[in-house]
**Q** 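For reference, the structure I am asking about is given below.
As the structure lists them, so they are numbered: ligands from 1, and atoms in each ligand from 1.
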Amino acid sequence: MRMIFIGPPGAGKGTQAARLVNQFTIPHISTGDMFRAAVKAGTPMGQEADRYMKAGQLVPDEVTIGLVRERFAEPDTQAGFMLDGFPRTVPQAEALAEALKTDGVNLDVVLLLEVPDELIVERIIGRRSDPETGAIYHLTFNPPPAEIADRLVHRKDDTEDAVRSRLEAYHKMTAPIIPFYESLGLLKRVNGVGTPDEVTAAINEALK
Ligand code: ADP
Ligand code: ADP
């Protein structure tokens, strides 16, 4: 299974992708997670990416495409993949199409998780993640267990200002890839409003 998750920041892509990869036993490839790991490791690429991420802007295409190319060279992607947060621009979608063509494989589905902007800010501001397990929580919608509360991380780009820039980047740079996948007949729209279980059910319905 080769699938892509598209949707605005905070739509629930990470939450749903984590559930789906268990179902399909494919690697979950999140460019956001990969950039955060590079920032933490202090690599030159991480330092460059950090400047954009903090401001809620997209990391330049050549950096992002290079990162994904390297990840695709690893053997576990032969079995398929779940791309979460990539592609986010038309040049990224074109680079992915080119790479898949070279490998002689096709995408199976592109899931578009739709959540209106007015719900996004609340989801982003309350987001917390567990650095030990990678689990994603929300202070109100998916409260973490009390015993791990101290170790939870609040991302520095999960502020109201940065989320507004990220939403703007989504509408301007990422939304244009929707008609690209629609014209290829790969796009499935999924309502991302509702409880996480309701959204998982809607995804499974779309994948039937
Ligand atoms: P979100 O919660 O917005 O879905 P992600 O964890 O996917 O966040 O991404 C966090 C940040 O990492 C983005 O705001 C952007 O700066 C950078 N990033 C992640 N994926 C990409 C990409 N495909 N192209 C450019 N920048 C990216
Ligand atoms: P994305 O990867 O698209 O940026 P996340 O999966 O990280 O989104 O979810 C963003 C925040 O919203 C997290 O705090 C998460 O717990 C919460 N969340 C995810 N799905 C839902 C949902 N269906 N309803 C309410 N909150 C949700």
Side-chain angles (χ1 to χ4, degrees), residues 4-21 28-40 45-46 48-69 71 82-96 111-130 134-144 152-159 161-174 176-177 190-203:
I4 299 182
F5 248 115
I6 315 178
K13 301 182 295 296
T15 301
Q16 296 298 332
R19 294 176 174 209
L20 281 178
V21 287
H28 174 194
I29 303 179
S30 156
T31 41
D33 285 350
M34 289 161 77
F35 281 132
R36 279 184 289 279
V39 171
K40 207 168 159 194
M45 188 273 278
E48 185 186 356
D50 196 34
R51 293 203 301 273
Y52 295 95
M53 294 168 80
K54 269 196 221 143
Q57 292 166 2
L58 293 180
V59 177
D61 281 337
E62 60 274 20
V63 177
T64 309
I65 291 167
L67 179 82
V68 173
R69 280 225 173 91
R71 182 64 185 85
M82 146 81 51
L83 273 175
D84 162 11
F86 181 94
R88 253 178 162 103
T89 64
V90 170
Q92 290 179 17
E94 288 168 351
L96 176 65
L111 290 169
L112 172 63
L113 209 48
E114 297 184 296
V115 176
D117 284 6
E118 57 270 25
L119 295 185
I120 292 296
V121 176
E122 199 184 5
R123 283 198 187 182
I124 289 278
I125 301 222
R127 170 161 58 188
R128 297 292 184 277
S129 53
D130 182 347
I136 305 164
Y137 295 97
H138 190 283
L139 295 180
T140 313
F141 306 133
N142 181 21
L152 294 181
V153 177
H154 185 198
R155 278 169 46 179
K156 55 189 171 196
D157 59 341
D158 277 354
T159 60
D161 278 351
V163 79
R164 298 218 181 271
S165 310
R166 283 155 68 196
L167 270 173
E168 209 181 295
Y170 176 77
H171 291 297
K172 212 161 106 191
M173 310 291 290
T174 307
I177 70 177
V190 173
N191 181 11
V193 183
T195 65
D197 285 346
E198 284 166 349
V199 177
T200 304
I203 290 172

**Q** For ligand 1, which atoms, with element, lie under 4.0 Å from some heavy atom of P9?
**A** 1 (P), 3 (O), 4 (O)
**Q** Closest heavy-atom contact between H28 and A17?
**A** NE2-CB, 3.5 Å
**Q** Suppose I only count heavy atoms of T64 and a 4.0 Å limit; which atoms of ligand 1 are within that range?
**A** 22 (C), 23 (N), 24 (N), 25 (C)
**Q** Would you compute the distance between atom CD1 of I6 and atom CG of L83 and round it to the nearest 0.5 angstrom?
**A** 10.5 Å
**Q** Could you check atom 18 (N) of ligand 2 against the protein and tell me its nearest heavy-atom contact, residue, atom and distance included?
**A**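 Heavy-atom neighbour on the protein nearest atom 18 (N) of ligand 2: R123 CD, 4.3 Å.
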**Q** Mind checking whether K54 and K156 have side chains closer than 4.5 Å, heavy atoms only?
**A**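 Touching, per the 4.5 Å side-chain cut-off.
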**Q** Using modelled atom types and a 3.5 Å cut-off, is there a donor and acceptor pairing between side-chain atoms of R166 and backbone atoms of D157?
**A** yes
**Q** Between A95 and R69, which heavy-atom pair has the shortest distance, and what is it?
**A**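 That would be CB-NH2, 4.4 Å.
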**Q** Looking at atom 27 (C) of ligand 1, what's its closest protein heavy atom, distance included?
**A** F35 CE1, 3.8 Å
**Q** Pull out every atom of ligand 2 sitting under 4.0 Å from any heavy atom of F141, numbered as shown with elements.
**A** 25 (C), 26 (N)
**Q** Would one find an N or O of G12, backbone or side chain, under 3.5 Å from an N or O of ligand 2?
**A**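 N/O-N/O distance below 3.5 Å exists for this pair.
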**Q** Counting only nitrogen or oxygen atoms and a 3.5 angstrom limit, does G194 reach ligand 2?
**A** yes
**Q** Output the distance between atom CZ (F5) and atom CG (L111), rounded to the nearest 0.5 Å.
**A** 5.0 Å
**Q** Would you call R164 and D117 a salt bridge, taking side-chain N to carboxylate O under 4.0 Å as the test?
**A** no
**Q** Check this for me - ligand 2, G10, N or O atoms closer than 3.5 angstrom, yes or no?
**A**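 G10 vs ligand 2: N/O contact under 3.5 Å present.
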**Q** Is there a polar contact, in the sense of an N or O pair closer than 3.5 Å, between R127 and ligand 2?
**A**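 Indeed, backbone or side chain, R127 has an N or O that close.
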**Q** When you measure from atom 5 (P) of ligand 1 to every protein heavy atom, which one gives the shortest distance, and what is it?
**A** R88 NH2, 3.7 Å
**Q** Tell me the protein heavy atom at minimum distance from atom 26 (N) of ligand 1, and give that distance in Å.
**A** V59 N, 3.0 Å
**Q** Tell me, which protein residue and heavy-atom name are nearest atom 14 (O) of ligand 2, and how many Å apart are they?
**A**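 Its nearest protein heavy-atom neighbour is Y137 O, 2.8 Å.
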**Q** Suppose we measure from atom 23 (N) of ligand 1 to each protein heavy atom; which comes out shortest, and what is that distance?
**A** G85 O, 2.8 Å
**Q** Is there any N or O on R128 that sits under 3.5 Å from an N or O of ligand 2?
**A**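 So ligand 2 has no N or O lying under 3.5 Å from an N or O of R128.
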**Q** Yes or no on side-chain contact (heavy atoms from CB on, under 4.5 Å) for V63 and Y52, after CA distance, side-chain angles and deciding distance?
**A** CA-CA 12 Å; V63 177; Y52 295 95; over 6 Å; no
**Q** Does any non-hydrogen side-chain atom of T15 lie less than 4.5 Å from one of H138?
**A**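 A side-chain contact is absent here, since even the closest heavy-atom pair is not under 4.5 Å.
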**Q** Does the side chain of T200 come within less than 4.5 Å of Q16's, by heavy atoms?
**A**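 Contact flag for Q16/T200 side chains = yes.
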**Q** Select the closest option to atom 11 (C) of ligand 1 among K54, R51, M53, M173, judged by heavy-atom distance.
**A**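 Looking at heavy atoms only, the winner is M53.
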**Q** Using a 4.0 Å heavy-atom cut-off, which part of L58 comes near ligand 1: side chain, backbone, both, or neither?
**A** both
**Q** Which is closest to atom 10 (C) of ligand 1 by heavy-atom distance: Q92, R155, Q57, R166?
**A** R155
**Q** Could you check whether any side-chain N or O of H171 sits under 3.5 Å from a backbone N or O of P8, counting only pairs where one atom can act as donor and the other as acceptor?
**A** no
**Q** Is the closest N or O pair between A11 and ligand 2 shorter than 3.5 Å?
**A** yes
**Q** So, do M53 and R36 sit near enough that their side-chain heavy atoms are less than 4.5 Å apart?
**A** yes
**Q** Out of all atoms in ligand 2, which are within 4.0 Å of some heavy atom of G14? Include the element for each.
**A** 1 (P), 2 (O), 6 (O)
**Q** What residue and heavy atom of the protein are closest to atom 20 (N) of ligand 1, and at what distance?
**A** T31 OG1, 2.8 Å
**Q** Polar-atom distance check: K13 versus ligand 2, any N or O pair below 3.5 Å?
**A** yes
**Q** For ligand 1, indicate whether the residue R36 contacts it via side chain, backbone, both or neither (heavy-atom separation under 4.0 Å).
**A**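 Answer for R36: side chain.
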**Q** Would you check whether D157 has a nitrogen or oxygen atom less than 3.5 angstrom from a nitrogen or oxygen atom of ligand 1?
**A**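 It does not: no N or O of D157 is found under 3.5 Å from an N or O of ligand 1.
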**Q** Whether the side chain of T31 engages the backbone of G85 through a donor-acceptor N/O pair (distance < 3.5 Å, no angle test) should be reported.
**A**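 It does hold such a pair.
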**Q** Does ligand 1 come near enough to I124 that some N or O of the ligand is less than 3.5 Å from an N or O of the residue?
**A** no
**Q** Hey, are the side chains of F86 and I29 touching, using non-hydrogen atoms and a 4.5 Å cut-off?
**A** no
**Q** Give a yes/no on ligand 2: does P196 have at least one heavy atom closer than 4.0 angstrom to it?
**A**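 The answer is yes, since P196 has a heavy atom less than 4.0 Å from ligand 2.
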**Q** Check each atom of ligand 2 against the heavy atoms of T195 and keep those under 4.0 Å away; list them by number with element.
**A** 23 (N)
**Q** Name the option, out of T15, I6, T200, that contains the heavy atom nearest to atom 19 (C) of ligand 2.
**A** T15
**Q** Check whether any side-chain N or O of R127 sits under 3.5 Å from a backbone N or O of I136 as a donor-acceptor pair, and report yes or no.
**A**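 No.
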**Q** Relative to the heavy atoms of I136, which atoms of ligand 2 are at a distance of less than 4.0 Å?
**A**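 It comes down to these atoms of ligand 2: 6 (O), 7 (O), 13 (C), 15 (C), 16 (O).
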**Q** Inspect the contact between D197 and R19 and indicate whether a charged nitrogen and a carboxylate oxygen are less than 4.0 angstrom apart.
**A** yes
